[in-house]
Amino acid sequence: KLSCTEDEITERVQSLLEDKKVKEKEVKDLKEKLCKIQAKEIREELKHNDNIAVVDLGYNIDMGYMTMLSNEVLGTAASKEDDATILFVGSSGDTASSQEDGAFLLIGNNKFVDKIGKDIAVMFGGRGGGKNGKFQGKGTKLRSAFNEVKDFMMKMK
């Protein structure tokens, strides 16, 4: 509800839209900063785990952020020869019932990703698809199967 006169509505709406733009830019900038911090942590995990990282990004994470993060990590830390492979997991909600549901992104070494992508989707109670070193999907058991999937990836490497 706007607290202004009828004559001021257009000006007030324009002001609100401008405020919205500013806030969206702030959120975008904060996501980019967070992405750089997380990318640094993931690069460390890759160094210590035979170029494999399995990352739980938490709740309310979308595929766009997972892609941005994978580009940040693989674009700066790993060339094709490095054989790095990363699995990102993010739940779609923040309620107890939705914490198991969400998306995952497996990206990295082409042969490895293509070999294990479908198995990981099944383990997560979901499905997905991909090729050329990128496999994405959705699942219904992201939290409960997380450690099992992590162990599986380390064993298959």
Side-chain angles (χ1 to χ4, degrees), residues 17 19-157:
L17 289 173
D19 287 349
K20 181 180 179 250
K21 264 190 195 174
V22 168
K23 297 300 179 199
E24 287 172 343
K25 171 89 168 89
E26 288 174 3
V27 168
K28 181 180 179 257
D29 291 346
L30 288 172
K31 277 185 174 181
E32 288 173 358
K33 286 180 183 178
L34 176 61
C35 186
K36 289 184 185 310
I37 292 168
Q38 286 182 308
K40 184 178 179 184
E41 293 170 357
I42 294 166
R43 285 191 292 270
E44 284 301 311
E45 185 174 344
L46 288 168
K47 285 180 192 175
H48 294 83
N49 290 315
D50 196 25
N51 275 330
I52 292 179
V54 180
V55 182
D56 183 350
L57 293 172
Y59 309 109
N60 289 317
I61 302 297
D62 62 15
M63 190 60 68
Y65 184 76
M66 289 186 211
T67 301
M68 180 171 68
L69 185 53
S70 69
N71 290 339
E72 181 70 28
V73 174
L74 296 176
T76 58
S79 67
K80 301 226 188 246
E81 301 85 53
D82 286 335
D83 254 3
T85 299
I86 307 167
L87 173 64
F88 295 108
V89 176
S91 294
S92 55
D94 57 6
T95 62
S97 63
S98 65
Q99 289 179 1
E100 282 285 338
D101 297 346
F104 64 90
L105 173 63
L106 178 65
I107 191 161
N109 177 274
N110 289 358
K111 288 180 183 177
F112 188 57
V113 169
D114 293 347
K115 176 179 166 184
I116 67 170
K118 292 229 183 267
D119 293 328
I120 287 176
V122 169
M123 293 169 83
F124 277 144
R127 62 183 197 201
K131 60 182 179 178
N132 299 327
K134 182 176 182 179
F135 188 97
Q136 63 187 45
K138 292 185 177 185
T140 58
K141 300 189 307 185
L142 295 183
R143 299 281 165 252
S144 57
F146 183 81
N147 287 330
E148 179 186 357
V149 169
K150 187 174 186 173
D151 292 343
F152 171 75
M153 284 183 66
M154 297 305 264
K155 185 175 83 174
M156 294 302 290
K157 185 68 175 180

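Numbering of residues begins at 1 and proceeds along the displayed sequence.
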**Student:** Show the numbers, then the answer: is there a side-chain contact (heavy atoms from CB on, under 4.5 Å) between Glu44 and Lys47?
**Tutor:** CA-CA 5 Å; Glu44 284 301 311; Lys47 285 180 192 175; 3.3 Å; yes

**Student:** Suppose we screen for salt bridge (Lys or Arg N to Asp or Glu O under 4.0 Å). Which residues come up paired with Glu148, at least two apart in sequence or across chains?
**Tutor:**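 Glu148 satisfies salt bridge (Lys or Arg N to Asp or Glu O under 4.0 Å) with no other residue.
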
**Student:** Going through the distances and angles, do Leu57 and Leu69 end up as a side-chain contact (heavy atoms from CB on, under 4.5 Å)?
**Tutor:** CA-CA 10 Å; Leu57 293 172; Leu69 185 53; 3.6 Å; yes

**Student:** Nearest 0.5 Å please: distance from the CE atom of Met154 over to the CD1 atom of Ile52.
**Tutor:**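 Result: 5.5 Å between the selected atoms.
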
**Student:** Is it true that a side-chain atom of Asp56 and a backbone atom of Gly58 form a donor plus acceptor pair closer than 3.5 Å?
**Tutor:**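 Here the side-chain-to-backbone pair exists.
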
**Student:** Please identify each residue that fulfils salt bridge (Lys or Arg N to Asp or Glu O under 4.0 Å) with Lys20, with sequence neighbours left out.
**Tutor:**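 Per chain and number, Lys20 pairs via salt bridge (Lys or Arg N to Asp or Glu O under 4.0 Å) with Glu24.
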
**Student:** Just how far is it from atom CE of Met66 to atom CG of Leu106, taken to the nearest 0.5 Å?
**Tutor:**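 That separation rounds to 11.5 Å.
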
**Student:** Side-chain polar contacts of residues 113-140 - donor-acceptor pairs under 3.5 angstrom, sequence neighbours left out - could you list them?
**Tutor:**
{"unit_1": "Thr140", "atom_1": "OG1", "unit_2": "Gly125", "atom_2": "O", "d": "3.1"}

**Student:** Restricting to non-hydrogen atoms, name the atom on Ser70 and the atom on Leu105 that form the minimum distance, rounded to 0.1 Å.
**Tutor:**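 Answer, listing the atom of Ser70 first, then Leu105: OG-CD2, 4.1 Å.
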
**Student:** Hey, which of Val55, Val54, Ile61 is the one that makes side chain to side chain contact (heavy atoms under 4.5 Å, CB included) with Phe88?
**Tutor:**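 Looking at Val55, Val54, Ile61, the match for Phe88 under the side chain to side chain contact (heavy atoms under 4.5 Å, CB included) is Val55.
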
**Student:** Does the pair Asn109 and Asn51 meet the rule for a side-chain contact (heavy atoms from CB on, under 4.5 Å), with working shown?
**Tutor:** CA-CA 10 Å; Asn109 177 274; Asn51 275 330; over 6 Å; no

**Student:** Which residues satisfy the salt bridge (Lys or Arg N to Asp or Glu O under 4.0 Å) test with Asp50, sequence neighbours excluded?
**Tutor:**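 Expected list: none.
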
**Student:** Return the CD1 to CG distance between Ile42 and Asn49, rounded to the nearest 0.5 Å.
**Tutor:**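 Going from the CD1 atom of Ile42 to the CG atom of Asn49 covers 12.0 Å.
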
**Student:** Please report the shortest heavy-atom distance between Leu46 and Thr85, naming the atom on each side.
**Tutor:**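 So the two residues come closest at CD2-O, 3.9 Å.
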
**Student:** Cut-off 3.5 Å, no hydrogens considered: what does the side-chain donor-acceptor table look like for residues 27-40, sequence neighbours left out?
**Tutor:**
{"unit_1": "Lys28", "atom_1": "NZ", "unit_2": "Glu32", "atom_2": "OE2", "d": "3.3"}
{"unit_1": "Asp29", "atom_1": "OD1", "unit_2": "Lys25", "atom_2": "NZ", "d": "3.0"}
{"unit_1": "Asp29", "atom_1": "OD2", "unit_2": "Lys25", "atom_2": "NZ", "d": "3.2"}
{"unit_1": "Gln38", "atom_1": "OE1", "unit_2": "Tyr65", "atom_2": "OH", "d": "2.4"}

**Student:** Do any pairs count as a salt bridge (Lys or Arg N to Asp or Glu O under 4.0 Å) and have a residue in residues 59-69, sequence neighbours left out, and if so which ones?
**Tutor:**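 Sorted pair list comes back empty.
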
